[in-house]
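Data block below; observations after.
This one's a predicted model, so the numbers in the text were calculated from it and none came from an experiment. What you see below is based on every heavy atom in this structure, not just the backbone, and it leaves out hydrogens, waters and symmetry mates. Counting convention: from 1, in listed order, for ligands and their atoms alike.
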Amino acid sequence: MSTLTLIRNATHWRTGERITLAVEDGVVVPAPARAGAHARVLDARGAVVAPGLVDPHVHLREPGQSAKETIETGTRAAAAGGFTAVACMPNTDPVVDSAAWVEWVKHRATDAAHCEVLPIAAVTLGQGGEKLAALEALARAGAVAFSDDGRPIRSAAMMRRALEYARPTGRPIICHEEDPDLKGDGVMHEGATSTRLGLRGIPGAAESVMCRRDADLAELTGGRVHFAHLSASASFDALRDAKRRGLAVTGETCPHYWTLTDATVGDYDTNAKMNPPLRSEADREACIAAIADGTIDCFATDHAPHTADEKARPFVEAPFGIVGLETALALTLTHLVTPGHLSLARAIELWTDGPRRAFGLPEVTLEPGTQADLLLFDPRAEWVVDPEAFHSMGRNTPFAGWRLEGRVLATMLQGRFTHIADGVRFERAAVVGAAS
Ligand SMILES: [Zn+2]
Ligand SMILES: [Zn+2]
């Protein structure tokens, strides 16, 4: 017999109504007036229920870099963070630039993943920027988008061709926007802190000039451009302008860009080293403004696990990147919703409908008949970030010790719980009135 799961006393993420959500055989079903002995019941005590979060930008590090993370551990971190789907970047070893490797990622995910894994394939072979990958075949194998993330596409002519070939697939090119010559061997944002520390800087313009170029190429080709991890004030302006021109251009930003600045690098803290780098206070404010006025289409973590040894190297040599899956929702609630920059419903949209729309993925709602991909969270519960408690193999976070609001209580994928927080208990009642 199939098990009926009832989540009672939940607050609907959009309407704010108290609801009972019923799930059977992997789909949301109408809540029965009475449920028999086979029902398992979770009293949500007013916690918010929402569609499962979607992260359009993570690094799961498989194939080839399983000392940093695996599809199993990365998606376990995702489930703990409230995510039911993640799109993973192809800058692995080897690079996911063939249909066979897209199939491999999907196969591995079927065996090991705790959430849906949406492979992103490379734009150019080996992400070398020289030879276009077989985009049509990659799309047919299941790639949801194309990206040379980690590396910008230096040649405008190559980007033009990529957009032309991607266009019939309907899938976007996700652009890691960074002018390689302006970046040079920069390791952090170019500003007062880089001067003080004697480190080479990367100006915000390294990002924004490429955003401007690729918006123009979207216009030229009719292809879809998605800006990854926007960080600089002028880049938010570039996205805003592209939208005003009616171009097929979308963009994401990440929690670290609305919470931190280059001052976080402090005394050469490698957990504040990422690419694009943490920028100035004016950039951080521009980030929040672009989120609040609807310029930003969706949020992403750019979850980039590295080993402790790698991050223990001197600042100049340490790799770029931080983990993000297990702090994303709480950083959104604490630093965007609580201060009043965004409503709770809009914040959730930017982690659900936003990425789904940007990638052309089917909508997930909590309506009866739809797939039961959801999360339950207490928006007011406080907790302190402890990297040692992460499910991710990566401990590289600049948020260790931060007190945050918003705790994920449970995550469900296709009707099965993929994460249940400590202290959350089910009852199995003989007869339960579900109409309360
Ligand atoms: Zn990137
Ligand atoms: Zn990335």
Side-chain angles (χ1 to χ4, degrees), residues 54-62 64-65 68-69 71 74-75 77-78 83 86-93 95-97 105 117-124 127-129 143-154 159 162 172-180 182-183 186-189 202 204 206-211 213-214 225-232 235 238-239 250-257 271-279 287 296 298-306 310-311 318-325 327-328 355 358-359 392 394 396-398:
V54 179
D55 190 338
H57 189 144
V58 304
H59 298 270
L60 295 178
R61 304 302 192 198
E62 269 193 304
Q65 300 169 322
K68 295 175 192 273
E69 190 81 288
I71 288 174
T75 57
F83 293 88
V86 298
C88 60
M89 283 296 175
N91 60 337
T92 47
D93 184 14
V95 168
V96 176
D97 61 2
V105 169
V117 172
L118 309 165
I120 297 167
V123 177
T124 64
Q127 296 188 314
V144 295
F146 310 106
S147 184
D148 276 0
D149 184 45
R151 295 178 179 206
I153 294 177
R154 178 188 282 265
M159 182 59 90
I173 306 260
I174 304 172
C175 303
H176 172 116
E177 299 296 33
E178 179 178 61
D179 182 286
L182 274 178
K183 184 202 172 199
V187 290
M188 68 171 294
H189 177 66
I202 307 169
E207 182 179 79
S208 61
V209 296
M210 293 290 267
C211 293
R213 180 197 81 174
D214 290 338
V225 162
H226 179 77
F227 297 142
H229 45 50
L230 291 183
S231 65
S235 307
L239 176 57
T250 52
E252 70 191 29
T253 191
C254 314
H256 37 281
Y257 300 121
N271 282 330
K273 182 178 179 182
M274 56 210 76
N275 189 10
L278 298 173
R279 298 203 182 271
C287 177
I296 287 293
C298 60
F299 294 150
T301 64
D302 197 7
H303 179 81
H306 294 291
E310 289 167 321
K311 278 294 196 181
F320 292 98
I322 60 166
V323 293
L325 286 164
T327 48
F359 284 16
S392 168
N396 47 311
T397 176

*Can you find a pair of side-chain heavy atoms, one from Asn275 and one from Glu178, that are under 4.5 Å apart?*
yes

*Does the side chain of Val225 reach to within under 4.5 Å of the side chain of Met159, using non-hydrogen atoms?*
no

*asked:* Donor-acceptor pair, distance only, cut-off 3.5 Å: does the side chain of Lys311 make one with the backbone of Gly321?
replied: yes

*Considering only N, O or S atoms, which atom of His59 is nearest to the Zn ion (ligand 2)?*
NE2

*Is the backbone N or O of Ala122 less than 3.5 Å from a side-chain atom of Asp97, with the two atoms forming a donor-acceptor pair by type?*
no

*Residue and atom names of protein N/O/S atoms that fall under 2.8 Å from the Zn ion (ligand 1)*: Asp149 OD1, His176 ND1, His229 NE2

_Restricting to salt bridge (Lys or Arg N to Asp or Glu O under 4.0 Å), what partner residues turn up for Glu252, sequence neighbours left out?_
none

*Using side chain to side chain contact (heavy atoms under 4.5 Å, CB included) as the criterion, point out the one residue from His59, Met89, Glu69 that pairs with His303.*
Glu69

